[in-house]
Amino acid sequence: MTRGYSCVNRISGERLTRWLVSGPPFFFLLLFFVLPSVIMVVASFRHPGEFGGLAPLFATEPGEEAGLTLENYRIFFGDWIYFQIFLKSFVIAALTTLLCLVIAYPLALLIARSPRKYRDLMVLLVVLPFASNFLVRVYAWMIILGPFELLFTRTAVIVGMVYVHLPFMVLPLYTNLEKHDPALLDAAQDLGANAWHRFWKVTFPLSLPGVFAGSALVFIPVLGMFAIPEILGGIGDWMVGNMIKEAFLGVRDWPFGSMLSLMLTVCVLAVAGLAAWFAGRKLRHA
C-alpha cells in the first residue's frame, strides 16, 4: 500500500514538474504567437474601416460595409504585380543568403581554427556593429554608396541586406565549425586527401547544420525587411515588407495588410518545410 502511494506521488510530482517546465513557454507562445496569428487571419477577411482599422463585424447603419469578405484575396490573386513583388523579395532574400554564406564561411572557419585565446575577441568584432543603432548604420551606407552612384539601386539594397545580416550567418557557422574534431581531417590527410577534398568531403558536410541554421536566420528576416529597401532602394525596389508597412501605416488598410502578412507567413512556412526536408536528406546522406 505504501509502495503504491509513493508511486502515485512520484507520478504526480513528475507531471507537476513537467507542467512547471513546459507551461510558461506554452502560454507564452499561445499569448504572443497563436493569438496574434488568429487575429491576423480573421482580420484578413474583414472590411477596412472608414478611417482606418477594421470595419465592424455587424452593420450598425444601412449600407455600411461589415462582416467577412474575400475581397482582399481576390485583389491579391487577381493582380500580377503582387506575385512579381513576392518573387522579387524571394530572389533578393535568396541572393542575400547566398552572399552572406560565401562571405561568412571563410570568416567563421578562420575564427574556429584560430588560437583559442583570440576567438572571443574575433567573435566580439563580428557582433560589434550591433552596438550602434540599426538606422544609423543603414544611413551610413547612403554616404558610402552615394559617390559611386549606387544609391537607390538594387545593388545598394543587397549590399545593405548583406551588411546587416552577415553576423547572423557567421555565428551559427562558427558555433558548428568550432566543434569539429581535427582528428577527422588528419585521418583524411593520411588517406591521401588534399586540402580541397578534405574540405568538401569532411568539413563542409559536417557544417551543414550550421549552414542551414544561418541561412534560416538570414533568409526569413530579409523577406520581411522594409527599412533597407525604403532607404537605400527607394520606391522602385519595394519588397513584401514595404507593402505590409504601407498597408498598415500608409493607407491604414489593416485587412489588406493582414492578408499580405498571412501570405508571407504561408510562403515562409512552405520554404522552411522544403528546406527542412532537403536538409534531412542531405544530413542522412552526409
Under 3.5 Å, sequence neighbours excluded: what are the donor-acceptor pairs made by side chains of residues 211-229?
{"from": "Ser215", "atom 1": "OG", "to": "Val211", "atom 2": "O", "distance (Å)": "2.7"}

With the side chain counted from C-beta on, respond yes when [X] and [Y] share a heavy-atom pair under 4.5 Å apart, and no when they do not.
X: Leu173; Y: Leu101; result: yes
X: Val126; Y: Ile111; result: yes
X: Thr153; Y: Leu150; result: yes
X: Pro25; Y: Leu29; result: no
X: Thr203; Y: Leu109; result: yes
X: Phe130; Y: Pro167; result: yes
X: Leu110; Y: Met122; result: yes

Minimum-distance pair of heavy atoms, taken over all atoms of [X] and [Y]:
X: Ala156; Y: Leu145; result: CB-CD1, 3.6 Å
X: Asn176; Y: Gly210; result: ND2-N, 3.9 Å
X: Leu185; Y: Arg198; result: O-CD, 3.4 Å
X: Ile85; Y: Met239; result: CG2-C, 3.8 Å
X: Ser44; Y: Ser258; result: N-CB, 3.8 Å
X: Leu232; Y: Gly160; result: CD1-CA, 3.9 Å

For atom NZ of Lys88, is the number of surrounding heavy atoms from other residues, nucleotides or ligands below 6.0 Å larger than 12?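 Check passes, neighbour count above 12.
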Which value, rounded to the nearest 0.5 Å, describes the distance between [X] atom [atom1] and [Y] atom [atom2]?
X: Glu71; Y: Phe256; atom1: CD; atom2: CZ; value: 10.0 Å
X: Leu191; Y: Lys201; atom1: CG; atom2: NZ; value: 13.5 Å
X: Asp79; Y: Tyr82; atom1: CG; atom2: OH; value: 5.5 Å
X: Ile81; Y: Met243; atom1: CD1; atom2: CE; value: 8.5 Å
X: Leu35; Y: Leu30; atom1: CG; atom2: CG; value: 7.0 Å
X: Leu166; Y: Leu99; atom1: CG; atom2: CG; value: 10.0 Å

[X] with [Y], same ILVMFWY side-chain cluster at under 4.5 Å:
X: Ile39; Y: Leu249; answer: no
X: Met259; Y: Val41; answer: yes
X: Val102; Y: Leu177; answer: no
X: Ile143; Y: Leu135; answer: no
X: Leu171; Y: Leu125; answer: no

Looking at residues at least two apart in the chain, or sitting in another chain, which of them share a ring pair (Phe, Tyr, Trp, His ring centres under 6.0 Å) with [X]?
X: Trp238; result: none
X: Phe83; result: Trp80
X: Phe33; result: none
X: Tyr73; result: Phe45

Side-chain polar contacts of residues 260-269 - donor-acceptor pairs under 3.5 angstrom, sequence neighbours left out - could you list them?
{"from": "Ser261", "atom 1": "OG", "to": "Gly257", "atom 2": "O", "distance (Å)": "2.9"}
{"from": "Thr265", "atom 1": "OG1", "to": "Ser261", "atom 2": "O", "distance (Å)": "2.8"}

Salt bridge (Lys or Arg N to Asp or Glu O under 4.0 Å) partners for Glu230, two or more places apart: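 Salt bridge (Lys or Arg N to Asp or Glu O under 4.0 Å) list for Glu230, sorted by chain: Lys245.
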Using salt bridge (Lys or Arg N to Asp or Glu O under 4.0 Å) as the criterion, list what pairs up with Glu178, not counting sequence neighbours.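 If we apply the salt bridge (Lys or Arg N to Asp or Glu O under 4.0 Å) test to Glu178, skipping adjacent residues, the hits are Arg116, Arg119.
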Please step through side-chain contact (heavy atoms from CB on, under 4.5 Å) for the pair Val127 and Val170, ending with a clear verdict. CA-CA 9 Å; Val127 300; Val170 174; over 6 Å; no
Taking side chain to side chain donor-acceptor pair (under 3.5 Å) as the definition, give me every residue that meets it alongside [X], ordered by chain and number, with sequence neighbours left out.
X: Asp253; value: none
X: Asn194; value: His197
X: Tyr105; value: Ser207

Give me the ring orientation class for Trp141 and Tyr163: parallel if the planes are under 30° apart, tilted from 30 to 60°, perpendicular past 60°.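 If you compare the ring of Trp141 with that of Tyr163, the planes turn out perpendicular.
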For the residue pair Phe76 and Phe86, does the interplanar ring angle fall in the parallel (under 30°), tilted (30 to 60°) or perpendicular (over 60°) class?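 Taking Phe86 first and then Phe76, their aromatic rings stand perpendicular (interplane angle over 60°).
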side-chain contact (heavy atoms from CB on, under 4.5 Å), that's the test. Do His47 and Leu54 meet it? Break it down for me. CA-CA 6 Å; His47 289 280; Leu54 301 173; over 6 Å; no
Listed once per pair and sorted, the salt bridge (charged side-chain N to carboxylate O under 4.0 Å, His left out) pairs that draw on residues 149-169, sequence neighbours left out: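 The answer is Arg154-Asp237.
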Aromatic centroids of Phe27 and Phe32 separated by under 6.0 Å: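 Centroid distance Phe32-Phe27: not below 6.0 Å, so no.
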